[in-house]
Amino acid sequence: MENTANNLDIPITTSLSSPKRKTSSRNSRRPSVTFPYYASYRDSISSAEDVSTTSDSELDHDYTTDLTTPASSESCAEDMQPDDVEDFRDREYPMLKGKTYLDHGGTTLYAKSLIEEFSADLISNLYGNPHSASTPSALAGHRVDAIRERALRFFNADPEHFDLVFVANATAAIKLVIDCFRDHAAASNTPVWYGYHKDAHTSLVGVRESTKMHRCFTTDEEVDIWINSGGLGGPRARQLGLFAYPGQSNMTGRRLPLNWPGRIRKSFHKAPTYTLLDAAALASTAPLDLTNPATAPDFVALSFYKIFGFPNVGALIVRKESAHVLESRRYFGGGTVDMIISINDTWHAKKGSTIHDRMEDGTLPFHSIFALDHAMNVHKRLYGPDPMKFISMHTAQLGRQLYEGICAMKHANGTPLARIYKDDSAVYGDPAVQGATVAFNVQRADGSLIGYEDVEQAADDQGIFVRSGSLCNPGGVATYLNWSPAEMRAAYAAGHRCTNPTQIMLGKPTGVVRVSLGAMNIAADISILLRFLEESYLDRTTTAEVVTSPRLTETVYSSRGRSFSIPQSPGFSPPGSSGAPSLPQPVQSPPPTSTALPPLTASTSMNGSVTKWTDSITIPPNTVDLDHPPESPQRPKAPPFIPADYVKLRKPWEEEMRRQYATNSNVSMEIKVRELEESSAYRNQTPSVKARKFGRSVVNLLRTKSHFADGSEPPMPTPPPPQRTTSDYTAQH
């Protein structure tokens, strides 16, 4: 294709068909035409190369516009260093001036050139609804197909083995999969079994409500045992299995094994078990490689705005060999059927050409898909020919710097500033097992917690933007924050909500502070956050202990291995005040030896294996060591959880539920059944007289049979003597 970037005033010739390309049935009516386009509005762009999008060397396009010129080879550096991000950050991300954005797990940021190119594209070209047959519609439809193929190749997915369905976001992709599974199970009379990992996002956990058989795997080892056993504890014969897990925990950033789908496909033979990978968090800062269809997941859900910042569109990548389980979906929308009868009969014929033709309901967000074309090109131009590889290494280095910086912060008494939640096997700086995400809670010198929302608000006031809360990760909250199901129910009954949380309950945090890094972060962002934590929460003060005796009040100060004993008489003023007497000669004491504290992580904080610094320090009695102050007395432990108290907390809420849903018999019946269960669980269960008599008779019968197990006849029981009445007694006397 000839580069027309330097001929902006010449009409562009657009070829809408190519013998080299297979078009779907949706595009079968699109004509091959030639027509002029309006002059381009590229005066606002810095250079002609900056507005180029897809390269012909990557795809054999069947469309051409003046905004689809080849990318300049000079704009993509072969070797990029992390420092290179600082060179273009001010130019490409001007919205970051004076701000520190650290919530790339929610969404990353879009580049300025991306918006400029996308805007110039829409201004310069006329696009119609891809479902129509007009020339502008044909151009839009052909371009959507080309971008679909390019998006597959962005993840090294061969279009011969994979298809891509455009959806709203990763959650929509997950919902589409389970809807198809449910309809397939109904059509084939095959129950669905669902398994999910404890690090799963809420969107994956919610799939369990669509089936009666589900299981939560609490560890990676549990998944490995399940796979090695051939599916023991999973779907049985004549059942349909679906196992879903995230490529990366959106709470801690831990990256899970990507070899599970291939192992499941190879080991399971009793029941077909498919795999669903939630790659929304993983794909944002790591390359997703689907080169080998034999080991790739059957379905991959992701969101493009987490990778490029814009557009707000997602995708479901489908392995074609597994696509048959999606074909039984009952719902159909516009553009997914070839014929419908709606009057006097109910019949329809679905499209049978491609997977995306049958799955993409209604008109696609084709303008957003055009923006995806520009986003992939800008990503490659800014971050090199292999952008995700560079971003993975860049963010891994920053993540390690952040983690080590937080671990190094300790209060004056040696207490770590933060409790960091991470997996034992996770290593910051190794992108294979850990992403650039750090989850933590800030604590005071005495070990008490500071609310995570308070930390987020304080950071926000300083122009530092993080995220806090439970992060839509219920398994992570239960695991790392040590919440039991009963305690979570009690917290809910006491008023805790994700949208309106109680930050600390039962002495435990209900959420965390999350810092997630992205491609455009630099080392200065890490320094700003660490300085904020140090200045806002780090306690460097020391106090002196005053010991009172009947005759003399004495204060003993110790600093840098030298102890000073100062007797105080009535009216004595402490050192530093006016009229203070001169200090006596110092008394030498053994110098203290410092013991380095390990970083306080979830594992060290929960099992209590932290080494105390006082184990190696010798301080005379009644001495206050200014350099090593004594530990503050431990706070009283939180009272144990008592189920009866939980029931009392829940009663007012259930009364309100009964009042609001008095007409709903199901709700009332559920509450009554729960009350009966609780009354039987917590009352004094003393057996009745009849129950005791029956129990004794059963015991006696068993004893009798055991004594005569050899076959001999048991002796006949002696009948009890007749009871004497009052009349018998009178007659006898």
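Only this structure's heavy atoms are used, side chains among them; waters, hydrogens and symmetry mates stay out.
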* To do: Carefully, step by step, assess Ile174 and Leu204 under the rule side-chain contact (heavy atoms from CB on, under 4.5 Å).
  => CA-CA 7 Å; Ile174 295 170; Leu204 284 182; 3.6 Å; yes
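- Using bins of under 30°, 30° to 60° and over 60° for the plane-to-plane angle, the ring pair Phe308/Phe304 lands in the parallel bin.
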* **Stepwise side-chain contact (heavy atoms from CB on, under 4.5 Å) check, Lys422 with Tyr428** => CA-CA 10 Å; Lys422 62 181 288 291; Tyr428 280 91; 3.9 Å; yes
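- Using modelled atom types and a 3.5 Å distance limit, the side chains of His104 and Thr108 yield a donor-acceptor pair.
- When every heavy atom of Pro246 is checked against every heavy atom of Leu277, the shortest pair comes out as C-CD1, 4.0 Å.
- Residues Tyr196 and Leu276 are not in side-chain contact: their nearest non-hydrogen atoms beyond the backbone lie 4.5 Å or more apart.
- Between the side chain of Gln443 and the backbone N or O of Pro416 there is at least one donor-acceptor pair closer than 3.5 Å.
- Across all their heavy atoms, Leu530 and Met409 have their closest contact at O-CE, 2.9 Å.
- Two residues are said to be in side-chain contact when any heavy atoms from C-beta on lie closer than 4.5 Å; Thr437 and Val515 fail this criterion.
- Note that CZ of Phe440 is 11.0 Å distant from SG of Cys407, once rounded to the nearest 0.5 Å.
- Residues Val223 and Phe243 have side chains in contact (heavy-atom distance under 4.5 Å, counting atoms from C-beta outward).
- Thr395 places a side-chain N or O within 3.5 Å of a backbone atom of Ile391 that can act as its donor or acceptor partner.
- Phe310 and Tyr110 have perpendicular rings, their planes meeting at more than 60° on a 0 to 90° scale where under 30° would count as parallel.
- Side-chain atoms of Lys198 do not come within 3.5 Å of backbone N or O of Thr219 as any donor-acceptor pair.
- No donor-acceptor distance shorter than 3.5 angstrom exists from the side chain of Ser448 to the backbone of Arg444, with no hydrogens or angles considered.
- The OH atom of Tyr537 sits 6.0 Å away from atom CD1 of Ile450, with the distance rounded to the nearest 0.5 Å.
- In terms of heavy atoms, Ala200 sits closest to Pro474 at O-CD, 4.2 Å.
- In terms of modelled atom types and a separation under 3.5 Å, the side chain of Thr171 and the main chain of Ser203 share no donor-acceptor contact.
- Side-chain N or O atoms of Arg255 include none that pairs as donor or acceptor with a backbone N or O of Gly247 at under 3.5 Å.
- The minimum heavy-atom distance between His379 and Pro387, with the atom names listed, is O-CB, 3.6 Å.
- To the nearest 0.5 angstrom, Gln397 atom CD is 14.0 Å from Leu402 atom CG.
- The two residues Asn521 and Ser516 make their nearest non-hydrogen contact at OD1-O, 4.5 Å.
- For Tyr383 and Phe88, the distance between ring centers is under 6.0 angstrom.
- Residues passing the side chain to side chain donor-acceptor pair (under 3.5 Å) test with Arg91, sequence neighbours excluded: none.
- By the 30° and 60° cut-offs, the orientation of the rings of Phe217 relative to Trp226 is tilted.
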* Could you check Val438 against Ile420 for side-chain contact (heavy atoms from CB on, under 4.5 Å), going step by step and ending with a plain yes or no? => CA-CA 7 Å; Val438 180; Ile420 301 179; 4.2 Å; yes
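- A distance of 8.5 Å separates CG in Leu114 from OH in Tyr93, rounded to the nearest 0.5 Å.
- With a 4.5 Å cut-off on side-chain heavy atoms, Leu258 and Leu282 count as touching.
- The CG atom of Leu481 sits 13.5 Å away from the CE atom of Met505 when rounded to the nearest 0.5 Å.
- A donor-acceptor pair under 3.5 Å is formed between the side chain of His411 and the backbone N or O of Asp539.
- The shortest distance between side-chain heavy atoms of Arg208 and Cys216 does not fall below 4.5 Å.
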Tabulate below the donor-acceptor pairs under 3.5 Å that side-chain atoms of residues 506-514 make, not counting sequence neighbours, or state none.
| residue | atom | partner | partner atom | Å |
| --- | --- | --- | --- | --- |
| Lys508 | NZ | Asn482 | O | 2.5 |
| Lys508 | NZ | Glu487 | OE1 | 2.8 |
| Lys508 | NZ | Glu487 | OE2 | 3.3 |
| Thr510 | OG1 | Tyr452 | OH | 2.6 |
| Thr510 | OG1 | Thr502 | O | 2.7 |
| Thr510 | OG1 | Gln503 | O | 3.2 |
| Arg514 | NH1 | Asn250 | O | 2.7 |
| Arg514 | NH2 | Asp103 | OD1 | 3.1 |

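- Salt bridge annotation for Asp199-Arg254: present, with a cationic side-chain nitrogen under 4.0 angstrom from a carboxylate oxygen.
- In this structure, the side chains of Asp423 and Val433 stay at 4.5 Å or more apart for every pair of heavy atoms.
- In terms of modelled atom types and a separation under 3.5 Å, the side chain of Ser392 and the main chain of Ala286 share no donor-acceptor contact.
- Electrostatic pairing of Arg540 and Glu534 counts as a salt bridge here, judged by a charged N lying under 4.0 Å from a carboxylate O.
- With sequence neighbours excluded, no residue satisfies salt bridge (charged side-chain N to carboxylate O under 4.0 Å, His left out) with Arg531.
- In terms of heavy-atom proximity, Ile307 sits nearest to Ala283 at CG1-O, 3.5 Å.
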* To do: Run the numbers on Arg419 and Leu449 for side-chain contact (heavy atoms from CB on, under 4.5 Å), then give the verdict.
  => CA-CA 9 Å; Arg419 302 180 185 177; Leu449 292 169; 3.6 Å; yes
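- Residues forming a salt bridge (charged side-chain N to carboxylate O under 4.0 Å, His left out) with Glu404 (at least two apart in sequence, or on another chain): none.
- Side chains of Asp278 and His201: a donor-acceptor N/O pair is absent below 3.5 angstrom, by distance only.
- Side-chain atoms of Asn500 never come within 3.5 Å of backbone atoms of Arg497 as a donor-acceptor pair (strictly under, hydrogens ignored).
- Counted by atom type alone, His197 and Asp220 present one or more donor-acceptor pairs between their side chains at under 3.5 Å.
- Ser249 contributes a side-chain N or O that, together with a main-chain N or O of Met251, makes up a donor-acceptor pair within less than 3.5 Å.
- The line from CD1 of Ile528 to OG1 of Thr100 is 3.5 Å long, rounded to the nearest 0.5 Å.
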Quiz: residues 456-466 side-chain donor-acceptor pairs under 3.5 angstrom, not counting sequence neighbours:
| residue | atom | partner | partner atom | Å |
| --- | --- | --- | --- | --- |
| Glu456 | OE1 | Ser468 | OG | 2.4 |
| Gln457 | NE2 | Asp461 | OD1 | 3.0 |

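- Considering only residues two or more places apart in sequence or on other chains, Asp224 meets the salt bridge (charged side-chain N to carboxylate O under 4.0 Å, His left out) condition with Arg263.
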